[in-house]
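A quick write-up on the structure given underneath.
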Number of protein chains: 2
Amino acid sequence: MVEKCKVMDKKAKVLDAALKLFVEFGFHNTPTSKIAKEAGISSGTLFYFFPTKDELVVALYLDIKSKLGCEITESISQETSFKEILKKYYTTTLDWAKEHRDEFKFMEQFNSSPYLKKIAEDEIQKYVKPLKELLQNAIDEGVLKNMDLEILFTLISGHTFSINQYLIISEPQESKREQIISETFDLLWQMISA
Amino acid sequence: MVEKCKVMDKKAKVLDAALKLFVEFGFHNTPTSKIAKEAGISSGTLFYFFPTKDELVVALYLDIKSKLGCEITESISQETSFKEILKKYYTTTLDWAKEHRDEFKFMEQFNSSPYLKKIAEDEIQKYVKPLKELLQNAIDEGVLKNMDLEILFTLISGHTFSINQYLIISEPQESKREQIISETFDLLWQMISA
DNA sequence: GTCTATACACCGATAGAC
DNA sequence: GTCTATCGGTGTATAGAC
């Protein structure tokens, strides 16, 4: 047990260091030697935990994805009406992105890179399936416009993503921020609700 | 003149080759030697035109940006009403993305990479300024909801971008495609119009 | 302007001691 | 599990002939 904790700790330190450096310099301009140094370990130890650099990159991505997934699942568990659930989805994602700026930036970089091919399709779907099921129900119940599920999903993701970009760049004060989130959710809702 | 044409031709070939390889393998997994080979020239010649690999990457980005900019400027010149202009903006962007898949994929990769820092802010703004002015006018005239210009711009870009992603992945038939574009534009319009 | 040949730095990964 | 030392491969960029 003690052993395992130690392992996780080192692994986590490597992932932390890698995240920080990847976001600043990009995957390729970040040598494993620098990651090891930043993590406070030797190069040999890094490769003991992650057999290749690629595996490290992928592991980091999956780690972040799962953390965000947990956060969202937890936050929506208390809501009941569909609109409230969706709003929670929206706000939680934006809040998480604010508190985990590097993680978001990294995911963005990863998603639009050829690395994405290395991830199995079902691994990707795992995190979006719950939301898609929710949306399908809402369509069936006449809460949302009767449109193609994939388009609907795309619209919501795109909206969330772009408002997130805006919030990151403009850095509004907390009260202003909440207002923007609330108002842009209303706009989204207006677009997709029946 | 003949000299200049020859130069442009070689440069263009390098940019073509680089685009193709970057999209498939990513920036870092594409050595300059392979770019030169794909372009049918020697490594030395490549560095004669582009002093560093970074400059090549940036030049490619600016080249693509400017081509898309031209296309849009041209296409909207004949429209008169604001709604028609915006729709033309929307459809032209999506059509261009369809015909220039690699270019779009590359821009996406570039935009979410640390390379973006290498581009001057005004260089980026150059291409978005015309649209922003248009939007400001529409707000002032009461055609669009009175909201923050930057948010409005973000919303439109995000919408366009995400529908583009959807169209690329789902590859609908031409008639279906046109229907999707038309309907999603209506959704966008519903969201932003006064 | 274009080529060939090559310098030389760097990086990912391994070997082997502890 | 962790370190140090190092190898082999690769990639950017240059030098110099044509």
Side-chain angles (χ1 to χ4, degrees), chain A residues 1-61 63 106 109-110 113-115 117-118, chain B residues 1-61 63 106 109-110 113-115 117-118:
Chain A
M1 266 307 133
V2 173
E3 281 306 293
K4 200 182 174 190
C5 281
K6 258 177 100 180
V7 169
M8 294 310 289
D9 203 47
K10 287 257 155 107
K11 264 196 165 180
K13 266 185 181 158
V14 172
L15 292 176
D16 266 12
L19 173 63
K20 187 184 157 192
L21 294 169
F22 284 160
V23 169
E24 188 170 358
F25 304 108
F27 303 133
H28 49 305
N29 284 319
T30 306
T32 49
S33 55
K34 264 188 198 152
I35 297 172
K37 198 176 177 185
E38 175 84 22
I41 60 165
S42 73
S43 180
T45 305
L46 186 149
F47 282 98
Y48 172 77
F49 289 115
F50 303 96
T52 67
K53 187 182 180 181
D54 275 12
E55 284 174 76
L56 166 58
V57 173
V58 170
L60 178 57
Y61 178 76
D63 181 59
F106 172 80
Q109 228 177 287
F110 190 97
S113 82
Y115 274 108
K117 289 181 205 150
K118 293 183 192 288
Chain B
M1 268 305 135
V2 172
E3 280 307 291
K4 201 186 174 188
C5 280
K6 256 176 102 179
V7 169
M8 295 310 288
D9 202 47
K10 286 255 155 108
K11 264 196 165 180
K13 266 185 182 159
V14 172
L15 292 175
D16 265 11
L19 173 62
K20 188 185 159 192
L21 295 169
F22 285 160
V23 170
E24 189 170 357
F25 304 108
F27 303 133
H28 48 307
N29 283 320
T30 305
T32 50
S33 54
K34 264 188 197 150
I35 298 173
K37 199 176 176 185
E38 175 83 22
I41 59 164
S42 73
S43 180
T45 306
L46 186 149
F47 281 97
Y48 173 76
F49 289 115
F50 303 96
T52 67
K53 186 182 179 180
D54 276 13
E55 284 174 76
L56 166 57
V57 173
V58 170
L60 178 57
Y61 179 76
D63 181 59
F106 172 79
Q109 229 176 285
F110 189 97
S113 82
Y115 275 108
K117 288 180 206 148
K118 293 181 190 290

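Order of the sequence lines sets the chain letters (A, B, ...), proteins ahead of strands, with each chain counted from 1. Just so you know, these numbers come straight off a predicted model, no measurement behind them. Keep in mind that the numbers below use all heavy atoms, side chains included, and drop hydrogens, waters and symmetry copies.
- Nearest to the side-chain atoms of A:Pro31 among the listed nucleotides C:dC3, C:dG12, C:dA13 stands C:dG12.
- A straight line from NE2 of B:His28 to C1' of D:dT12 spans 16 Å, rounded to a whole angstrom.
- For C:dG1, the OP1/OP2 oxygens have no side-chain nitrogen or oxygen of B:Thr45 closer than 4.0 Å.
- Atom CZ in B:Phe49 sits roughly 7 Å away from atom P in C:dG1 (whole-Å rounding).
- With rounding to whole Å, B:Lys37 atom NZ is found 15 Å from C:dT4 atom C1'.
- Contact check, A:Thr32 against C:dC11: no side-chain N or O comes under 4.0 Å of OP1 or OP2.
- Closest approach to the B:Phe47 side chain among D:dT12, C:dG1, D:dT2 is made by D:dT12 (side chain taken as heavy atoms from C-beta onward).
- We find that NZ of A:Lys53 is positioned 8 Å from C1' of C:dG12, with the value rounded to whole Å.
- Closest to the side chain of B:Ser42, out of D:dA13, C:dG12, C:dC3, is C:dC3.
- Summary of the strand contacts: A:Asp54 and B:Leu46 both lie near DNA chain C, and taking for each the nucleotide with the nearest heavy atom, the more 5' one is attributed to B:Leu46.
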Acceptor/donor pairs from residues 16-26 of chain B side chains to any protein atom, 3.5 angstrom cut, sequence neighbours excluded:
unit_1: B:Lys20; atom_1: NZ; unit_2: B:Glu38; atom_2: OE2; d: 3.1

Evaluate side chain to side chain contact (heavy atoms under 4.5 Å, CB included) for B:Phe49 paired with B:Leu15, printing each intermediate quantity in order.
CA-CA 11 Å; B:Phe49 289 115; B:Leu15 292 175; over 6 Å; no

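- You'll find that the side chain of B:Tyr48 is closest to C:dG1, out of D:dA13, D:dT12, C:dG1.
- Across all their heavy atoms, A:Phe27 and A:Val57 have their closest contact at CE2-CG1, 4.1 Å.
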Please lay out, stage by stage, how B:Tyr115 and B:Asp54 fare under the test side chain to side chain contact (heavy atoms under 4.5 Å, CB included).
CA-CA 8 Å; B:Tyr115 275 108; B:Asp54 276 13; 3.3 Å; yes

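- None of A:Leu60, A:Thr32, A:Thr45, A:Ile41 except one satisfies the side-chain contact (heavy atoms from CB on, under 4.5 Å) rule with A:Val14; the exception is A:Ile41.
- Atom CZ in A:Phe50 sits roughly 14 Å away from atom C1' in D:dG1 (whole-Å rounding).
- Atoms CG (B:Asn29) and C1' (D:dG9) sit 14 Å apart, rounded to a whole Å.
- In the set C:dT2, D:dT2, D:dT12, the nucleotide with an atom closest to the side chain of A:Lys10 is D:dT2.
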